[in-house]
**Q** 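Sharing a structure, written as structure tokens. Questions coming.
Model, not experiment: these values are computed from the prediction.
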Amino acid sequence: MVSLEFPVVYFGGDYNPDQWPREIWHKDMELFKKAHVNILTLPVFSWALLQPAEDVYNFEWLDELLDMIHAQGIKVCLATATAAQPAWMSRKYPEILPVDFEGRKRKHSGRVNFCPNSPVFREFSGRLVRKMAERYKDHPALALWHVGNEYGTYCYCETCEKAFREWLKKRYGSIEELNRRWNMNFWGHTVYDWEDIVAPSGLSEVWRDGHLERTTFQPMVLDYKRFMSESSLACYKNEYDIIKGICPDIPVTTNLMGAFKPLDYFKWAEHMDIVSWDNYPGLKDSPGSIAFNHDLMRGLKGGQSFLLMEQTPNQTNWHPYNSLKRPGVMRLLSYQAMAHGADSVMYFQMRQSIGNCEKFHGALIEHAGHEHTRVFRECAQLGQELENLKGVIGARLKARAAILFDWENWWAVELSSGPTVQLSYVHQVKKYYEALFKRNITVDIIKPGDDLSPYALVIAPVLYMLKPGVAESLKDFVENGGTFLTTFMSGLVDENDRVTTLGYPGELKELLGIWVEEIDALEPGMCNSIRKTQAAEALSALTRERYACAMLCDVMEAQGAEVLAVYENDFYAGKPAVTRNAYGRGRAYYVGTDSEEDFIQELLEAICDECGIIPDFQVPQGVEITQRFKGDTCYTFVLNHLTEKVIVDLNNLTGKDLITGKTVAQRLELEPKGVAVLEEK
Amino acid sequence: MVSLEFPVVYFGGDYNPDQWPREIWHKDMELFKKAHVNILTLPVFSWALLQPAEDVYNFEWLDELLDMIHAQGIKVCLATATAAQPAWMSRKYPEILPVDFEGRKRKHSGRVNFCPNSPVFREFSGRLVRKMAERYKDHPALALWHVGNEYGTYCYCETCEKAFREWLKKRYGSIEELNRRWNMNFWGHTVYDWEDIVAPSGLSEVWRDGHLERTTFQPMVLDYKRFMSESSLACYKNEYDIIKGICPDIPVTTNLMGAFKPLDYFKWAEHMDIVSWDNYPGLKDSPGSIAFNHDLMRGLKGGQSFLLMEQTPNQTNWHPYNSLKRPGVMRLLSYQAMAHGADSVMYFQMRQSIGNCEKFHGALIEHAGHEHTRVFRECAQLGQELENLKGVIGARLKARAAILFDWENWWAVELSSGPTVQLSYVHQVKKYYEALFKRNITVDIIKPGDDLSPYALVIAPVLYMLKPGVAESLKDFVENGGTFLTTFMSGLVDENDRVTTLGYPGELKELLGIWVEEIDALEPGMCNSIRKTQAAEALSALTRERYACAMLCDVMEAQGAEVLAVYENDFYAGKPAVTRNAYGRGRAYYVGTDSEEDFIQELLEAICDECGIIPDFQVPQGVEITQRFKGDTCYTFVLNHLTEKVIVDLNNLTGKDLITGKTVAQRLELEPKGVAVLEEK
Amino acid sequence: MVSLEFPVVYFGGDYNPDQWPREIWHKDMELFKKAHVNILTLPVFSWALLQPAEDVYNFEWLDELLDMIHAQGIKVCLATATAAQPAWMSRKYPEILPVDFEGRKRKHSGRVNFCPNSPVFREFSGRLVRKMAERYKDHPALALWHVGNEYGTYCYCETCEKAFREWLKKRYGSIEELNRRWNMNFWGHTVYDWEDIVAPSGLSEVWRDGHLERTTFQPMVLDYKRFMSESSLACYKNEYDIIKGICPDIPVTTNLMGAFKPLDYFKWAEHMDIVSWDNYPGLKDSPGSIAFNHDLMRGLKGGQSFLLMEQTPNQTNWHPYNSLKRPGVMRLLSYQAMAHGADSVMYFQMRQSIGNCEKFHGALIEHAGHEHTRVFRECAQLGQELENLKGVIGARLKARAAILFDWENWWAVELSSGPTVQLSYVHQVKKYYEALFKRNITVDIIKPGDDLSPYALVIAPVLYMLKPGVAESLKDFVENGGTFLTTFMSGLVDENDRVTTLGYPGELKELLGIWVEEIDALEPGMCNSIRKTQAAEALSALTRERYACAMLCDVMEAQGAEVLAVYENDFYAGKPAVTRNAYGRGRAYYVGTDSEEDFIQELLEAICDECGIIPDFQVPQGVEITQRFKGDTCYTFVLNHLTEKVIVDLNNLTGKDLITGKTVAQRLELEPKGVAVLEEK
């Protein structure tokens, strides 16, 4: 049985000793101990070393390393090393190389540079993994399996095109059904033979416009994304299944990347023992934006703890401008990960490469090679602190609010031709997430179709695609007293991006008590405003009469719903912009335009009040409080994202700060970027 | 004999019943009647349905539809369905697929995705059209033929390359002549064999720089554009000729796209019984800019009425931001089309698709599927109104001012390497057009070489390329009393983009009485100004002493011309910027710099006064008045583009408003976006 | 023996009579004489005319031209005509055509459009050059050889890929060494066979991001750049060697392009008898920026005179906006070239083409075809003036300050992934160059490894790559009393872009007396500031307390160095930003951040004062004074870049102005854009 009750908060990360001579390995071991490292991930990119030729394997160097690591009492997260196939393999079996969006056969290079449907890749990667699993299954250092690395390649080669046709046959059964579901009579695309189907790429139905992907045939591209996500997943599963056959008790994971568009991680998580992910926030990402990714990753397996598999100890190298993590920030973000469900703090990387693109990426051991650096000191201090946090392992968050998130919906929203290129699904989701985050309300990120009964409030921004059963599930939820909120561009299409003919928002019309007749798209710089109605007077959290809105404005009629706000300008002035519908024992809100954040903040405050979702703490903006629970124990993470000292009112909470060991009650003083983790039984 | 005296103002548009089940067809018929629809265009994209396999044709469903439509008293604009070949054809005959500018063989996809020189395409499209024509030639609903759809693909495949060589052989006769005309000794490009000639593409002499197409070999690229325009035209003609052989009396058209750069529509119009076009203004296009396109389309066949083949009843889907057409705007733009020569008001589309890229494009029948929508109501009202406008059919505009427009000139101007990438031919033409439009002066858009005798004023902005005979024709015109105006960058090159050695502006030097020694290009943000001279005092419409100018400044000498304005700055301060030359009984103006619009507005006012082109009405800015004449009857279209009510002084005009049926005299009150069509015998 | 003591200041340039009929040739000769032309470059692009078919050569027309030119007493710079192979050659031997960065086989087109490793190209170009050399070796007009034209094509074809492997074998000897030097264990790139190596392109390890080239494998791309530079050089050398075998006494050159990134001109210059280059400043290039290029070109052969091979008499054609050269500017820039070491003033082009992309490029004889133009007059005047400047030929500049410049460093800096995409090597170098230029301090541009003993001050901005021996050479220089200055991002990597493990700045640590622990990258818009310390008080040229800095901030410790300035903000406030280290008898400065220009200007003033580098003249900003020396004679060029008249204080200088023939002492009055060349014995 796989146990996720790890003995320690794993602290360590990616280690690439293959880039260094043996004398450095010994030096590394010393430094790792000084830094309280207890886990090392390797050998992520060593396929070429492990298999120098088709019939030659070379594991001795790895044997030596694992023994050396074990001798230090450090565990190993054993990587399957299949993220970059050896050069001889690409040369001997060129089919393994992918064809890119522009139709170009790639040459050997980079990483994750293989066709995910390549039989040769599956065969060779499986063979390697089997050898590794058999060799190390009983190694005492083995703690985790790490399959591949940051999957995500889309390929458009003939192998993929053929596999896509097979995938479609399974999905649709007949060519007639495919024609119907893809609406293929449009532009005379009706096909009569599976062979007529083309992988949609830059050579056919898709083109790129800056960072946007545009297409004429949404259903086709949508299915290709599903297929590509599943193709990479099949590569992962191939390795996963082999490992589980040999090492059934060791948890297996692969490192995900948060809100990473190409892969439907909800589907992936079904095949992972534990979710792990790589957290590389951009310079301007807000704390809430980072927290959203953690909550999304936690949501993938229904709230189960996850691993922070990678973060940088300092700067990154691939951003255009790679500033240093200011003192305390790395530590703060590490605790934030744990606050949201992580049971580990791991880095990329342990020792900084001297050559190639990651040479200026941060590392525990920097180029200078010693421990007398700010970064090493900060890491080592954190490593030591984490030794006191074992209790947190496995503790869970409790949320009464949930946000629906759906990769297929994301894809469909952003593939649409019209009404506006400005609409970003994740941005909209985050607007609602941030409004709750700022009030320290714990949120679960769930997928359409999940059980809603634990929640008092469910929010589904831009629920454009309604999958079968989802409307029913939402209606049941509200009927039974739940509160639901959705927005413009919801209820519009089915799984094949076919628009409802019920009138917008389709199957949600009755629940919401509205009909959206038209959707107006405003140019950048244009805006409208919404004005509170009488009916909204009771929502006292709405402090203003008027809020700005822009981008999209539904022109709608209330058909049973109360009107909470109306437009002030243009030909739909006076028409409803925000509504609330009583439905069963619950209520369904509809926000028909992209309002300014203040409105969302205040509306959600009003709604949370109605639902009885009241934050436990009143703390200054910029201070984050999150709680994890295990048995009778509550772990309260208090995080100061500000650059100034704060005093936090702890309300009735009394607990031991696991970092300082001191008991804290009533008031807590936190340094800039300071952290406390209060244990309360 | 083809008659264009249609029985009604055609009202209807593109109908895609092939995307819907039969029960919807019946529902549609009801709704069409409610909307006063009298024509339907179909089946534009049904080749795959009509010919499911190489030897199988299936017309039964279309038979049924045509009969059903006819039963409603509705006419059919029968589309040849050849704009998108069936998938099996692309697969079985891959030669049919084009090679794009970047040298990539396209896969089956999109539409108009065929090589225009493909013999297979010509063969199959011809065969289909022959079958359709034979089958429906006597169908009572048949009113018009609509060949293909929005042609415009450029292809760079080997078939095209070979055909290009043949085209060149015909054009130049010998390789020596080609070397001479293309100035091939430049950069050692001299060729000795036709086989040495390469289709100019992104793999050879051309590259793209944002939206600009840049090249090192202008004459070659210019000829390739001519050749590509003619190649697509040959596809059209192939179908046209087959239809005319079978249905000689039914008018044949294809839908053009206004100032669409890839195709030389003057050449196309020679082979069309009637011009039709698709009017999709952008959100920020001014009324004058839209009117320009109508006048250009009317000009293609020397002033003959045209068809408004497509417009959207509401929003588009392919703009980045697709705002709704505000109430009244669709109606206003429909009447504007008629005011400028349209004899129809037709839409894309009748019923909104539920899937793929046009699903959020406006339609008469929206997704909700019923008539209780703003859009349906506005369309139906318009349909009813148009029933009173039959008299307008065939009425013509009368213009005493003309603007020269030339696709080949457009291509050449914008292919030029230097003096500035900022120069847009259409923008320059529109600057002059708008100045006349704002004063409600009717303008014909004509091509170089057309008869100029009907006009008092001919304007040729940026007449960069002087084709044989054009200078003579302009001289004759002025000699006989006409007024001519041209600008910087005129008279510079011949049909092969070879620069005159006569001194700029080449063959126009004598007519204009100037010599342009140098052409200065200013960076964006830089400007100069021009100052009126004594000689310009008589031009009282020029209200200011000084006007800004930018982009291009000719450094010139008057050689006989009067100097009307001089530069104020830089080393050519004091030198002529605007001149007028007496020539024969007329006058020739030259504007040597890109002046601000006020100057053009006022200069043209002065010139029109001189020429006796006096607007009949004095109306507020934003109110458009245009007249069409038939026999003794004058139809006056009064269009209020403003968002406020206006009162229009009708001068001496008294007429019956065909929309309200009421007689109007002296003053006319128009609602925001309001329209009147006054009939005066 | 090759003599560079030319009989005249060569004045003339590129002449393309092959684009014109014979009657024009005669007209040209007359005009050339009027313009004082004494040299013509031809036939640069006439390969197709000279060799119309594989076995046919046609030199008669060229014979005639050379004789005609000689009859005028004009010399010929004989071009080898190999910059554009004939079309028949590309067709018959397609291997000659290159494959571009995107993996696309180019078609015949443009120029320099051949694979530089093509054996066919080498064979055919060699054969042509041999014939030309044998035919014209004794022609009395022959003065110079001009090989090819503006080399620079990078190719990625299989021929190149194979040749690259051979090149690597030679460079690294063994595959193990290559793996080590390229750090190939990174991302599992270890190779076991030379055949596994791929030419790095857009199909493999490289991609383009706007104008930036990004890569994951820097050492590989760096070597490919070295290899490509050498591949083109081999084409040049192939022709050079043939010519030298036949015409040993005639100087051979090829026209370079200043700071042109693709080619390592220091390597090229070793194989050129004299450097020549094409000076096409952009509209906004400062006088210092242009002067930098001249000094760089002079530096290629250790200070030897060079040829200004091309400049435009007026506008260019390929800039987006091609403004006219204002009156006097062409003359001023011509003299500036001579001031910095040019012994010629040559143009592209003599007569303006009438067709293709250069038709709007300036020329001595413009389209109008006569001499009555501003441009002709200005050229002719200059031609006459230059007849008095023979004495300057061969005179050398004397510099006590040098700036290190290195193409490989440039490539490496800008290939780096992190810390910031904003870092431009040439921009940084120019910041220091301009600071000296503004004070009229003569600078030599030298390469790492050059003899430093002639200099008192050596500046090496962003000396990122330290090649073997360079640190030692710098230490010796300082030890012996020299002053050295370097900046952030120095001393970081070796020739294979592998980072030092000595702590930054690696081998320069001891010399500079600092350790850079971290490098912070600021986003655009962010900044910091530096504050002068007590220790800097003695540097009186530093007039301010505080200077802005941005982009990159080293976080460092002084380890022996004095701290001259500290940061004011962020977590490294108070830490050193600028330091000075006493080392031996000299001093080593380190500027750890990208400071505003004022700081560099003032710091260099202080340093120059220390070193005793004192400008001889105090002149207004915008007036440039540069001196060349020959024997006992000093030629002082005084150049007024301003648009107003200036009076220049000549200090003690008395000399004859070679332009006016008048003796000048003490004070010199210069017109706007005016020039004087004072000869002092």
Side-chain angles (χ1 to χ4, degrees), chain B residues 102-104 181-193 195-206 209 214-220 416-422 492-493 496-504 515 517-524 526 551 553 555 570-572, chain C residues 16 18-20 43-50 52-53 81 83-88 90-91 100 102 104-111 113 283-284 314-324 326-328 352-362 366-370 372-375:
Chain B
E102 305 294 346
R104 304 177 310 177
R181 298 276 289 272
W182 281 8
N183 201 41
M184 289 287 265
N185 284 2
F186 179 76
W187 285 4
H189 269 41
T190 326
V191 288
Y192 299 98
D193 190 317
E195 295 301 306
D196 288 337
I197 294 164
V198 166
S201 74
L203 298 186
S204 61
E205 307 286 7
V206 202
D209 178 12
R214 312 295 305 272
T215 181
T216 39
F217 272 75
Q218 283 75 13
M220 201 183 287
S416 181
S417 178
T420 175
V421 297
Q422 245 186 332
L492 296 187
V493 303
N496 292 104
D497 198 49
R498 289 180 304 176
V499 182
T500 179
T501 53
L502 301 172
Y504 313 150
W515 170 46
E517 181 178 339
E518 300 182 69
I519 304 168
D520 195 22
L522 276 53
E523 295 228 329
M526 288 170 63
M551 186 168 67
C553 297
V555 182
D570 222 315
F571 76 91
Y572 39 90
Chain C
N16 299 301
D18 45 344
Q19 295 176 29
W20 297 92
V44 178
F45 290 111
S46 305
W47 195 346
L49 286 186
L50 294 170
Q85 74 273 14
W88 60 258
S90 298
R91 180 159 60 91
D100 71 12
E102 305 294 345
R104 305 176 310 177
K105 179 81 172 173
R106 303 286 306 166
K107 294 186 165 196
H108 183 78
S109 57
R111 57 184 213 181
N113 187 33
L283 280 177
K284 291 172 173 166
N314 195 7
Q315 77 277 36
T316 55
N317 71 281
W318 69 82
H319 285 120
Y321 315 100
N322 299 280
S323 67
L324 302 173
R326 271 48 193 157
Q352 202 167 17
S353 301
I354 61 163
N356 295 308
C357 66
E358 291 175 351
K359 66 183 187 294
F360 289 128
H361 187 98
E366 295 177 292
H367 289 135
H370 55 63
H372 307 296
T373 65
R374 174 180 73 92
V375 168

**Q** Using non-hydrogen atoms and a 4.5 Å limit, figure out which bit of Asn16(C) sits close to chain B: side chain, backbone, both or neither.
**A** neither
**Q** Any heavy-atom pair between the side chains of Leu522(B) and Ser323(C) that's under 4.5 Å?
**A**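 No, every pair of side-chain atoms sits at 4.5 Å or beyond.
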**Q** Among residues at least two apart in sequence or on other chains, which ones pass side chain to side chain contact (heavy atoms under 4.5 Å, CB included) with Leu492(B)?
**A**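 Partners of Leu492(B) by the side chain to side chain contact (heavy atoms under 4.5 Å, CB included) criterion, ordered by chain and then number, come out as Tyr464(B), Met489(B), Tyr504(B), Ile519(B), Phe360(C).
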**Q** Only counting residues at least two apart or in another chain, list the ones meeting salt bridge (Lys or Arg N to Asp or Glu O under 4.0 Å) with Arg498(B).
**A**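 So Arg498(B) forms a salt bridge (Lys or Arg N to Asp or Glu O under 4.0 Å) with Asp494(B).
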**Q** Which distance, rounded to the nearest 0.5 Å, do you find between the NE2 of His189(B) and the NE2 of His108(C)?
**A** 5.0 Å
**Q** Could you tell me whether the side chain of Asn183(B) reaches within less than 4.5 Å of the side chain of Ile354(C), counting heavy atoms only?
**A** yes
**Q** Quick one: does Arg326(C)'s side chain get under 4.5 Å of Tyr572(B)'s, heavy atoms only?
**A**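 Side-chain contact under 4.5 Å: yes.
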**Q** Please classify the contact of Phe571(B) with chain C as side chain, backbone, both or neither, using a heavy-atom distance under 4.5 Å.
**A**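 For Phe571(B), the contact with chain C is made by the side chain alone.
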**Q** Tell me, do Phe186(B) and Lys359(C) make a side-chain contact under 4.5 Å, heavy atoms counted?
**A** no
**Q** Under a 4.5 Å heavy-atom cut-off, does chain B meet the side chain of Lys105(C), its backbone, both or neither?
**A**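 For Lys105(C), the backbone is the part near chain B, not the side chain.
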**Q** Tell me whether Glu518(B) is salt-bridged to Arg374(C), with the criterion being a basic N under 4.0 Å from an acidic carboxylate O.
**A** yes
**Q** Heavy-atom distance under 4.5 Å between the side chains of Glu358(C) and Ser417(B), does that happen here?
**A** no
